[in-house]
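One structure is given here, and the rest of the page talks about it.
No experiment lies behind these values; they were computed from the predicted model shown. Throughout, a chain's letter reflects where its sequence line sits, starting with A, and its residues are numbered from 1.
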There are 2 protein chains.
Amino acid sequence: MSSAVISRRSRPGRPGRPRHVPAVDNTLSGREQILDAAARLFVDRGFAATSTREIAERVGIRQASLYYYFSNKDKILEELLALTVRPTLDQIDRVEAVANEHGEAAALYALVMIDTGTLAEAPHNTGLLPSLPEVRSLEQFKPYRAVHADLVDAYGRLGSHVAGRQVDGILVAHLVESVVASRSEGADVNETARHAIATAALGACGATKNEIKIASAVAWAELIA
Amino acid sequence: MSSAVISRRSRPGRPGRPRHVPAVDNTLSGREQILDAAARLFVDRGFAATSTREIAERVGIRQASLYYYFSNKDKILEELLALTVRPTLDQIDRVEAVANEHGEAAALYALVMIDTGTLAEAPHNTGLLPSLPEVRSLEQFKPYRAVHADLVDAYGRLGSHVAGRQVDGILVAHLVESVVASRSEGADVNETARHAIATAALGACGATKNEIKIASAVAWAELIA
DNA sequence: ATTATCTATAGATCTATAGATAATGC
DNA sequence: ATTATCTATAGATCTATAGATAATGC
């Protein structure tokens, strides 16, 4: 049973009728190849403007073959969204811990570093997907909007503590999302760039240069640990 | 000749076959009614996901009647984009003047106030349109991307002066665009909120509380003038 | 037998054009 | 005569389903 789970690397040498064009990359399963192609297309043309035929074409399969893995087009985007938010959610507990032990400034710095890291690493800049109009408006993507709203709340809570006044989490969230815009323009978002964003975020919350320096050092030490 | 230009308020009492449903708002020309309906739909569903039939339906005309005013669907979006950027471009000289007379911090504060003002006032939150995937990717919208890039450059230039080190204009631009996100969530973006954004922007560029206070006062005096 | 593909296609769009028509204005 | 609409429709999609088929695995 667990062996069945482990062998989720089904390619290559799997059974099934051969493709009309052989797969380019055999390290990815069929499902993963579809997600990969769809991610690229959704990110640079949008969801509605991308047809299932285009996705299939990039993979090297026929349009109808997509439906063997996904019951409809929405489901492909849903899965990509889930993959996009997961890495940040997985680390949210660490931020909580930093807040308790070292205060909100260090925690805010840490959260910005984690979140920018997730966005900087996301394959094909999928951090852009949550801002697609369909994700913002359609009922089926509500769960992902909720996750994002929680993150914005966390920014607002931490930021308000740092500033000593009400700070809108959207402000900080948007600073963080500048990573996506930078990547869209082909920039490499490295650790230095992410520290600049974290510094800007604390500055936007009214922290002094010295407070930022301390928060940075603490966050750094904790994230390594 | 000039009278022909002036009488661009063609409704009501214009000739032409009656609509199958009479117009709701006769203070707007047919063209303006189309732009208004399209703006709402493009903002909350996106461009590709909005059909010409839906736009026409909202206006109360038949789908084909749109083509009397616009040669194709793209042209509607192009016009909305032009209307969206115009107010900020119209005031860009004033920012230049502030920079020369009072320094970059005041100018940055002023630019943020102007730009957030434009976004806060844009009908139906059309400040969101530049971030639609089609506008980012399709050839015909290149002019609007160029205008936006210029604005980002201005933020970078002013921000770098304030910080005394290289600051990425995208950071500041994203703080400003948080106005759009706030409006999307139904928030009222008033002058207080805009001052908070300008303050955060200068803080993100490393300005001290006192520098921000001065920049705010100067920008305020100059924008009134 | 199972799996992963394929072919074929139904049915529902969607954009844009052609040409008719119902008003007003002269 | 001019204007702003209408009706009708061509032609090009696009999504999803039904059912066939070519491999491997047992």
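In this pair, A/His195 and A/Tyr109 present their aromatic rings tilted. The plane angle is within the 30 to 60° band.
In the set C/dT3, C/dC6, C/dA22, the nucleotide with an atom closest to the side chain of A/Pro15 is C/dT3. When each of D/dC6, D/dA23, C/dT5 is scored by its nearest atom to the side-chain atoms of A/Arg17, the top-ranked nucleotide is C/dT5.
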Enumerate, atom names and distances included, each donor-acceptor pair closer than 3.5 Å involving a side-chain atom of residues 166-174 of chain A, sequence neighbours excluded.
unit_1   : atom_1 : unit_2   : atom_2 : d
A/Asp168 : OD1    : A/Ile170 : N      : 3.0
A/His174 : ND1    : A/Ile170 : O      : 3.3

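An OP1 or OP2 oxygen of C/dT5 is reached within less than 4.0 angstrom by a side-chain nitrogen or oxygen of A/Arg19. OP1 or OP2 of C/dA4 has not a single side-chain nitrogen or oxygen of A/Ser65 nearer than 4.0 Å.
Consecutive pairing runs in DNA chain D reach the stem threshold at C:1-24 with D:1-24, where a stem means at least three Watson-Crick or G-U wobble pairs with distances under 3.5 Å.
In this structure, B/Ile34 places its CD1 atom 10 Å from C1' of D/dA4, rounding to the nearest Å. Between the C1' atom of C/dT5 and the CG atom of A/Leu66 lies a distance of 12 Å, rounded to the nearest Å. If you take OH of B/Tyr68 and C1' of D/dT5, they are 9 Å apart, rounded to a whole angstrom.
Closest approach of A/Arg58 to A/Leu41, counting heavy atoms only: NH2-CD2, 3.3 Å.
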Report, one pair per line, the protein and nucleotides 12-19 of chain C atoms (nitrogen or oxygen only) whose separation is under 3.5 Å.
unit_1 : atom_1 : unit_2  : atom_2 : d
C/dC14 : OP1    : B/Arg53 : NH2    : 3.1
C/dT15 : OP1    : B/Lys73 : NZ     : 3.2
C/dT15 : OP2    : B/Thr52 : N      : 2.8
C/dT15 : OP2    : B/Thr52 : OG1    : 2.6
C/dA16 : OP2    : B/Tyr67 : OH     : 2.7
C/dA16 : OP2    : B/Lys73 : N      : 3.1
C/dA16 : N7     : B/Gln63 : NE2    : 3.1
C/dA16 : N6     : B/Gln63 : OE1    : 2.9

Fill in: Derivation and outcome, salt bridge (Lys or Arg N to Asp or Glu O under 4.0 Å), residues A/Glu79 and A/Lys75
CA-CA 6 Å; A/Glu79 179 136 351; A/Lys75 287 284 192 298; over 6 Å; no

Item to complete: Test B/Leu129 against B/Phe47 for side chain to side chain contact (heavy atoms under 4.5 Å, CB included), laying out the working first.
Response: CA-CA 9 Å; B/Leu129 298 178; B/Phe47 180 70; over 6 Å; no

Worksheet entry | Intermediate values then yes/no, side chain to side chain contact (heavy atoms under 4.5 Å, CB included), B/Leu35 and B/Phe70 | CA-CA 10 Å; B/Leu35 289 168; B/Phe70 298 94; 3.8 Å; yes

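Residues B/Arg19 and B/Val59 have side chains in contact (heavy-atom distance under 4.5 Å, counting atoms from C-beta outward).
Between B/Arg40 and B/Asp36 there is a salt bridge, with a side-chain nitrogen of the basic residue lying less than 4.0 Å from a carboxylate oxygen of the acidic one.
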